[in-house]
Amino acid sequence: MPTSKSEPSGGRAEVHDLAVIGAGPAGLAAADAAAGLGLRVALVDAGSRPGGQYYRHPAPGLGAARPEKLHHGWAAFARLRARLAASPLVDHLPGHHVWAAEAGVPGDGERPWRLHATRGPEAGDRATVLARAVLLATGAYERHLPFPGWTLPGVVTAGGAQAMLKSSLVLPGRRIVVSGSGPLLLAAASSLVSAGAEVPAIVEATSYLGYARGLPALAGNPAKLAEGASHGARLLRRGVRLRRSSAVVEAHGTDRVTAVTVARLDARWKPVPGSERRIACDALAIGHGLVPQIELATELGAETVTGPDGAAALKVDAEQRTSVPGLWAAGETCGVGGADLALAEGVLAAHAVAGRPAPARETATRRRRRAFAALMAAAHAPGPDWTSWVTDDTDVCRCEEVPAGEIRAAVEELGAGDARTVKLLTRAGMGWCQGRMCGPAVACLSGDGGGGRADSRPLSCPVPLAQLAQLAGPVEPEQRRRD
Amino acid sequence: MDPLDLVGAEPGPARTVLFDGRPVPALPGQTLAAALWADGVLAWRTTRGGGRPRGAFCGIGQCFDCLATVNGRPNQRLCLLPAEHGDTVTTQEGHGHADLEV
Amino acid sequence: MLKRTPYDVVVVGAGVVGAACAYYAARAGLKVAVVDRGPVAGGTTGAGEGNLLVSDKEPGPELDLALLSTRLWRELAEEFGDRVEYEPKGGLVVATGPAGLDLLHGFAAKQRAVGVEALPVAADELRTHEPHLAEGLPGGYLYPQDAQVQPALAAAHLLRASGADRYLGEAVTALLRGPGGSVTGVATTRRELAAPAVVNAAGTWGGELAALAGVRLPVLPRRGFVLVTEPLPRIVRHKVYAADYVADVASGSADLQSSAVVEGTPAGPVLIGASRERVGFDRTLDPEVLHRLAAQAAALFPVLRTVQVQRSYRGFRPYLPDHLPAIGPDARVPGLHHACGHEGAGIGLAPATGLLISRRLTGREPELDLAPFRPERFEGAEAAEAAEGES
């Protein structure tokens, strides 16, 4: 897998058969399968090393002898990585953050897709990738439900704690409460405990009774049960307590978190008065599941579907095709469902792009895993009354420091009834992260039903102005096909 | 047990970065945010509205909470930048561009 | 069962123009309902920059409207102040070459003759007004009357202060007509709202609303992108743009024209915009458009090369073939009034529009002659041809 060099050149533009955006499970599997079917692939990834968030692993300089200790499915990743590295058909473009995709005209070789990307850790350079088809495998980001104190240093996302641990082998503290909802909490707590942290409690908002309604889907996914059970067993051995139907309703501290208040929740996620108890800690890892990262596609007008948890995902057909001609999607972008599903969908998408019939094994995996994903999404969907723990002075938008009271005033006094209008009137979601952290929460507080509607975002990430002012980026990878 | 033991890490010698003038060790391959966490530092920015302390939140470059001034350049995401020997990290106040004000 | 509410006027459109119509109508003692298929400021208003400009207008009906609005915005600022982020910061128009400066001298002279304040700024004084401005520019003009407001907040606060009943998220499906064809209200997707007068403040969709009344109002969309930088301290004091902009505004060409207006905001980000393209309602991003905005802004303010563009947004500005809005009663449909087609100037022109409409609604003499804004001025072959030549 040649890795593109960064220096610009006047080399002839190469048009790849397929550009895969994202080198997590879905993107890696798709690039591998597509190359196996003879397609020339550009694997465009914001990360510096392949793997995405799921297969995030220690930097080589750390000399980790046993990276698999922090991973489920490490062997699958190692296999994919080795095959891609050996493939002459795959160009890996690490450190490339795509900020806009221009749709190509299917069947017109003169008008391919153009992916505009920043390059490098400081996004200083620009690149343009050309391809006849594009697969969006950009994964997901975490959903957060704010509470008083959630902006204190030491309060980190569950995924972030895992990411920092997996890539840099560090912990945010020694005594870490894990709180929110969803299977990522168990995985994160399990990693933290393995790495030597004390986890005084895992605080899960659901009762887990939701799972009982989906026994067939559970029975069809024994591997998922085994994964959960292995986390559970490890946590049990270490004496970690799972508090169900509970939430952290406040984090305490001045310059950093020193304790949290945990309360029991009723079925609608309203804290039960009198049930509060305080737990001392020096860090808190939070997360309420994942939300598909699809803005590159919705900006192109791709149709979406709203999942059982209220999150918008890309609508795809049986061949992973989106409603935009020439644009495919796989993995979390089609609805959060985990790594095995992403691997299967990546393979299915590659076959569809290559015009080959769908392989039976991946088709079966997708069917089983999608059923399981729907069950999980429904079981962990935020209860309607979670907003009752958000005091008026709680900053909902972290970037612009917009408190809940201002959002409520925009709704009650100025007539805003949706997240976009609230954003226009309060700046909630208008800062550096463009609403990625607060979007679902702002949507709930606006009363528009939990953020199912995709916001328009012509630029999917910040771009240096100097780079936009350049006429165009060098076409990548420029060092190939000089012959 | 610590994270390095868990994966049997044998990193090369640590580099030194400066955080607000104070030397902080960073293992090869660690990000600046990770080096600060390992040193017990959780905040390296104050917000432009309330002046509140912030540090790494999402850890993967999406939340922009971990912005700081690195080698004189403001608004760098410490969770993405590999620590290089001699890097200077300065706690960033607000937008980090006070020098441009007219 | 249909619920009938006795309103004096129903305003269709909860953008800044509709909100201003509601505000001045209510102040004149009328009972007002505002209906919009979307939320407050959900259309062009929410995608605007908040330019209150006289500097870019040549003497004529639009400038008259802008000067009236300038006075009204000052009054409104007394009432709303910081809540709508009103900033009487003034505009600085700079020439990029000697020819442009000559053009600008002539333009400013004509403007001053009709009451625009325009102060010449010599080349060596430019940077005392704007320290980050590029060196070597030949000169410009300062326009103290230019100002800025946050458009969505302006619309929301005007609407709230009007006390009008809001029917948001309800599309108008029909205009109700009485004997003799006069308007008696509107039907929405949820109800009927009865009133002897209806104001079409539907912006880009004004033509469709007119069509519901069986009349033609050729409102067309013009697309614009705006770039938004990361939050910054005050690095740009005025609304600053290159003199080429003046030519762009009046242009009928379908090609992209852009002359970036660069301005700071109280919230921190610098806004750069907007581009102007006639591409219908096509939302497709053309990176070339963003490139030109960025390049022009960087040419004016080289310091911007060191900052990040945090986001971009697009909007569709409604315009009529002669680039003047439609304001006033529609002679073809008794009871129907129009207040739309303000193109990229709607935020600035909103108060004047609202005041003039309220004058007509209450049977009083408007401050300005409304003849140039007559909604039915596009009737007939000649007007149709003119419109043809435009598209």
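Order of the sequence lines sets the chain letters (A, B, ...), proteins ahead of strands, with each chain counted from 1. Values reported hereafter were calculated over all heavy atoms of this structure, with side chains retained and with hydrogens, waters and symmetry mates removed.
Residue A:Thr254 touches chain B through its backbone alone, counting heavy-atom pairs closer than 4.5 Å. Heavy atoms of B:Ala33 lying under 4.5 Å from chain A belong to its backbone as well as its side chain. Within the 4.5 angstrom heavy-atom criterion, atoms from both the backbone and the side chain of B:Arg48 approach chain A. For B:Leu67, the part lying under 4.5 angstrom from a heavy atom of chain A is the side chain only. The contact between B:Asp5 and chain A is made entirely by backbone atoms, counting heavy-atom distances below 4.5 Å. A:Glu68 does not touch chain B: none of its heavy atoms, backbone or side chain, sits under 4.5 Å away. Neither the backbone nor the side chain of A:Leu192 comes within less than 4.5 Å of any heavy atom in chain B.
When the candidates A:Ala285, A:Ser48, A:Gly160, A:Gly63 are compared by the number of heavy-atom contacts under 4.5 Å with chain B, A:Gly63 comes out ahead. Note: A:Pro153 leads A:Ala158, A:Pro153, A:Gly196 in heavy-atom pairs under 4.5 Å with chain B. Ranked by non-hydrogen atom pairs under 4.5 Å with chain B, the options A:Gly61, A:Pro462, A:Ala161 are led by A:Gly61. Most heavy-atom pairs under 4.5 Å with chain A, from the set B:Gly29, B:Ala34, B:Ala26, B:Gly59: that is B:Ala34. Heavy-atom pairs under 4.5 Å with chain A were tallied for B:Ala43, B:Gly12, B:Gly50; the largest tally goes to B:Gly50. The greatest number of non-hydrogen atom pairs below 4.5 Å with chain B, out of A:Glu400, A:Gln162, A:His97, A:Arg436, is found for A:Glu400.
Between A:Pro67 and B:Val7 the shortest side-chain heavy-atom distance does not fall below 4.5 Å. The side-chain heavy atoms of B:Trp37 and A:Leu171, taken from C-beta on, include no pair separated by under 4.5 Å. At least one side-chain heavy atom of A:Gln53 sits under 4.5 Å from a side-chain heavy atom of B:Ile60.
Residues A:Asp255 and B:Pro53 come closest through the heavy atom pair O-CG, 4.1 Å. Residues B:Ala9 and A:Leu169 approach most closely at CB-CD1, 3.8 Å, considering heavy atoms. The shortest non-hydrogen separation linking B:Cys63 to A:Cys399 is O-SG, 4.1 Å. In terms of heavy atoms, B:Leu6 sits closest to A:Leu70 at CD2-CD2, 3.6 Å. Here the closest non-hydrogen pair linking B:Thr31 and A:Ser168 is N-OG, 3.3 Å.
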Verdict with reasoning, B:Asp65 to A:Arg398, per side chain to side chain contact (heavy atoms under 4.5 Å, CB included): CA-CA 8 Å; B:Asp65 246 353; A:Arg398 302 171 65 92; 2.6 Å; yes

Side chain to side chain contact (heavy atoms under 4.5 Å, CB included) evaluation trace for B:Gln62 with A:Gln434: CA-CA 9 Å; B:Gln62 290 188 324; A:Gln434 288 297 290; over 6 Å; no

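Taking the six-membered ring where the residue is Trp, A:His144 and B:Phe57 present tilted rings, their angle falling between 30° and 60°.
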